[in-house]
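Keep in mind the model is a prediction, meaning the values are calculated, not measured.
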Amino acid sequence: MAWFLLLIAGLFEVGWAIGLKYTEGFTKPLASVLTLSAMAASVVLLGIAMKSLPVGTAYAVWVGVGAVGTAILGIILFGEAANPGRIASLGLIVAGIVGLKLATANQ
């Protein structure tokens, strides 16, 4: 269950990272409220997951899921570069996430 919560926390991190773009410096009220809500949900779920996962693993996976998801949505939503080096680098982050999951499989 902790790994599932950690994944959801990472997805909320993607939501608030992308949401920051839409707040336009927190001048857009609805976008700002949604972004702040996603931030709170992300951190709360991360904290719950850390009750049974190692802190270093949980934090690294949370950041990795957020980074990969945000980069992919940046490509899709904002036309950011999708060159081979960038895609390969995202693949390395995913490999790291999988490696951390496998290394803590008994937890």
Side-chain angles (χ1 to χ4, degrees):
M1 185 63 159
W3 282 99
F4 176 73
L5 293 177
L6 186 58
L7 175 63
I8 300 303
L11 295 175
F12 273 111
E13 184 185 5
V14 173
W16 69 255
I18 294 297
L20 283 173
K21 181 81 168 169
Y22 290 105
T23 68
E24 295 184 20
F26 291 100
T27 61
K28 302 289 184 184
L30 179 60
S32 297
V33 168
L34 292 173
T35 298
L36 291 170
S37 297
M39 285 178 177
S42 180
V43 171
V44 167
L45 291 172
L46 172 63
I48 294 168
M50 282 185 176
K51 288 169 64 176
S52 59
L53 293 174
V55 65
T57 298
Y59 184 74
V61 169
W62 180 68
V63 170
V65 168
V68 169
T70 302
I72 290 170
L73 284 180
I75 291 166
I76 294 168
L77 297 174
F78 307 120
E80 295 176 0
N83 59 54
R86 190 166 189 203
I87 300 302
S89 297
L90 292 173
L92 290 171
I93 295 170
V94 171
I97 292 169
V98 170
L100 287 169
K101 170 63 174 127
L102 294 174
T104 55
N106 61 349
Q107 297 179 346

Inset, instruction - Considering non-hydrogen atoms only, spot the tightest contact between I87 and A82 and give its length. - result: CG1-O, 3.8 Å

Legend entry - Minimum side-chain heavy-atom gap F12-L45 below 4.5 Å: yes

Legend entry - Cluster overlap L5 with V44, hydrophobic side-chain contacts below 4.5 Å: yes

Legend entry - Verdict with supporting geometry, L77 and I18, side chain to side chain contact (heavy atoms under 4.5 Å, CB included): CA-CA 9 Å; L77 297 174; I18 294 297; 4.0 Å; yes

Inset, instruction - Could you state whether L11 and I48 fall into the same hydrophobic cluster, counting links through intermediate Ile, Leu, Val, Met, Phe, Trp or Tyr residues with side-chain heavy atoms under 4.5 angstrom apart? - result: yes

Inset, instruction - Look at the side-chain heavy atoms of Ile, Leu, Val, Met, Phe, Trp and Tyr, link any pair under 4.5 Å apart, and say whether I76 and V94 land in one connected group. - result: yes

Legend entry - Atom CZ of F78: over 12 foreign heavy atoms under 6.0 Å: yes

Legend entry - pair I8-W3: side-chain heavy atoms closer than 4.5 Å: no

Legend entry - A60 versus L100, closest heavy-atom pair with distance: CB-CD1, 3.6 Å

Legend entry - Smallest separation among heavy atoms of A38 and G15, with atom names: CB-C, 4.4 Å

Inset, instruction - Could you grab the distance from atom CG of L46 to atom CD of E13, nearest 0.5 Å is fine? - result: 8.5 Å

Inset, instruction - Indicate, with yes or no, if V63 and L7 share a hydrophobic cluster defined by side-chain heavy-atom contacts under 4.5 Å among Ile, Leu, Val, Met, Phe, Trp and Tyr. - result: yes

Inset, instruction - Check whether any side-chain heavy atom of L20 sits under 4.5 Å from a side-chain heavy atom of F26, and report yes or no. - result: yes

Inset, instruction - Please determine, by modelled atom types, if W62 and S42 share a side-chain donor-acceptor pair under 3.5 angstrom. - result: yes

Legend entry - Approximate separation, where rounding is to 0.5 Å, of E80 CD and I72 CD1: 11.5 Å

Legend entry - Closest heavy-atom pair and its distance - V65, I97: N-CD1, 3.5 Å

Legend entry - Gap between atom OG1 of T35 and atom NZ of K28 - 0.5 Å precision: 13.0 Å

Inset, instruction - Please examine the side chains of R86 and I75, heavy atoms only from C-beta on, and report whether any two atoms are closer than 4.5 Å. - result: yes

Inset, instruction - Would you name the heavy atoms of P54 and T104 that are closest together and state the gap between them? - result: CG-CG2, 4.2 Å

Legend entry - Beyond-backbone contact of Y59 with M50, side-chain heavy atoms, under 4.5 angstrom: yes

Inset, instruction - State, to 0.1 Å, how close A17 and T70 come at their nearest heavy-atom pair, and which atoms those are. - result: CB-OG1, 3.5 Å

